[in-house]
Amino acid sequence: MKPSVILGIETSCDETAASVVIDGRTIASSVVSSQIDLHAKFGGVVPEIAGRAHVQLMIPVVNEALEQAGFDHAGRSAEGNSIHAVAATVGPGLIGSLLVGVSAAKSLAMVWNVPFLGVNHLEAHLLSPFLEHGDAVQLPLVTLLVSGGHTLIVLMTTPTEYQVLGSTIDDAAGEAYDKVARFLGLPYPGGPVIDQIASSGEGRTDAVVKFPRGMWKDGYDFSFSGVKTAVLKEVKKRPELSNADVAHAFQESVVDVLLEKTLRAAKDHGAAAVALGGGVAANSALRAGIEAAGVAAGLQVFLPPRIMCTDNAAMVAAAAWWRADVDAPLGLAAGANPSLRLRRSTV
Ligand code: KG4
Ligand code: ZN
């Protein structure tokens, strides 16, 4: 039988998060503490700082998640409910960060005498639409998962059966945003800043500058290193270009490719729905583009709110619930795996 009440813990990168989710659907609490401010002055996530911050934040964040959901330190509620399992992201991510969450989850599982459930962070992102919308999600579903670390197109035939159709062969989409922003002298994380100046009206729509669309018609894999290099070269050659013009053209190139491949994958595989996930799913041009193209193609479109796109522990607890029948529970001896991947196919 699936454990009904699950405490989820997420520490794979720079968000310390804990959440209690009931039956993979109902979020009783979701606490996320972002470390962006700690890393911004270094222009990216510093692994040692992230690990140390997770250690400091772990207990307060777990306490708050338990308290908000009505549970005490023994994992019990006044109504007589209890936490049935503790889940944590075991990978992929930064090893020093993952270990903090995994150790905390295992300790609680041991003290409360409940199972420890290890979760693949990417599967957690993929299961977010089901956490929010449950049975309303029509299948097959094609999800574009775009973050600072990953760019994936995944076909899901059931919540637990999926096939990776494409991934990036070099930079992740968010990584390309962050690198281009850094080159333009914009603050970290670069995605929201580029998005803002590209869409602010300062970025011109007439082609002052145009960047290549990497691997445009080739399958479902992505490459973003070409557009990144093209930006660097063009800005050096034409210093008069404004950041807004460059941001606009760069965003157009990245979003065009993301949309083209996602919609093509949906069409080729007879999908009923498309969804976005990961931090880049907050991008305004990507959201507007997939909404318009998805609706025009007769697809159900899932655009999660930003809080569900970025790292959180509700998706970890929900993923543990969805996969409880499929995955064998990990014993307390199980460790973290920084380079854990999605299974290429579970279908
Ligand atoms: O999923 P996420 O919070 O963390 C991981 O990478 O796992 O994603 C962060 C990434 C960063 O690269 C950030 O620049 C990008 O998402 N991002 C955006 C936007 N908001 C965040 N990229 C483009 N447009 C945005 N509005
Ligand atoms: Zn993530």
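Worth knowing before you read on, the calculation uses all heavy atoms, side chains too, and leaves out hydrogens, waters and symmetry mates. We count ligands from 1, going down the list as the structure has it; atoms in each ligand are counted the same way.
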Is Gly278 in polar range of ligand 1, meaning some N or O pair under 3.5 Å apart?
no
Polar-atom distance check: Asn283 versus ligand 1, any N or O pair below 3.5 Å?
yes
Does atom CZ of Arg182 have more than 12 heavy-atom neighbours from other groups under 6.0 Å away?
no
So does His125 have any N/O/S atom less than 2.8 Å away from the Zn ion (ligand 2)?
yes
Got the closest protein heavy atom to atom 4 (O) of ligand 1, with its distance?
Asp311 OD2, 4.0 Å
Do Asp135 and Arg25 sit within salt-bridge range, that is, some charged N less than 4.0 Å from a carboxylate O?
yes
Can Lys179 and Glu175 be said to form a salt bridge (Lys or Arg N to Asp or Glu O under 4.0 Å), step by step?
CA-CA 6 Å; Lys179 286 179 176 170; Glu175 189 182 359; 3.2 Å; yes
Closest non-hydrogen protein atom to atom 6 (O) of ligand 1, residue and atom name please, with distance?
Gly148 N, 2.7 Å
Which value, rounded to the nearest 0.5 Å, describes the distance between Tyr177 atom OH and Phe250 atom CZ?
6.0 Å
Is Asp195 close to ligand 1, meaning an N/O of one under 3.5 Å from an N/O of the other?
yes
Here the atoms of ligand 1 under 4.0 Å from any heavy atom belonging to Asp178 are 11 (C), 12 (O), 13 (C), 14 (O)
Evaluate salt bridge (Lys or Arg N to Asp or Glu O under 4.0 Å) for Arg52 paired with Glu48, printing each intermediate quantity in order.
CA-CA 6 Å; Arg52 229 173 298 141; Glu48 285 78 6; over 6 Å; no
NE2 (His121) to the Zn ion (ligand 2) to OD1 (Asp311), nearest 10°, is 100°
With a heavy-atom distance limit of 4.0 Å, tell me whether Cys13 approaches ligand 1 through its side chain, its backbone, both, or neither.
neither
Would Cys309 count as being in polar contact with ligand 1, using the rule that some N or O on each side must be under 3.5 angstrom apart?
no
So the atoms of ligand 1 within less than 4.0 Å of a heavy atom of Gly149 turn out to be 6 (O)
So is Gly174 polar-close to ligand 1, meaning N/O to N/O under 3.5 Å?
yes
Ligand 1 versus Gln251, non-hydrogen atoms closer than 4.0 Å: side chain, backbone, both, neither?
neither
Determine whether the aromatic ring centres of residues Tyr188 and His39 are separated by less than 6.0 angstrom.
no
Atom indices of ligand 1 within 4.0 angstrom of Arg306 heavy atoms, with elements
20 (N), 21 (C)
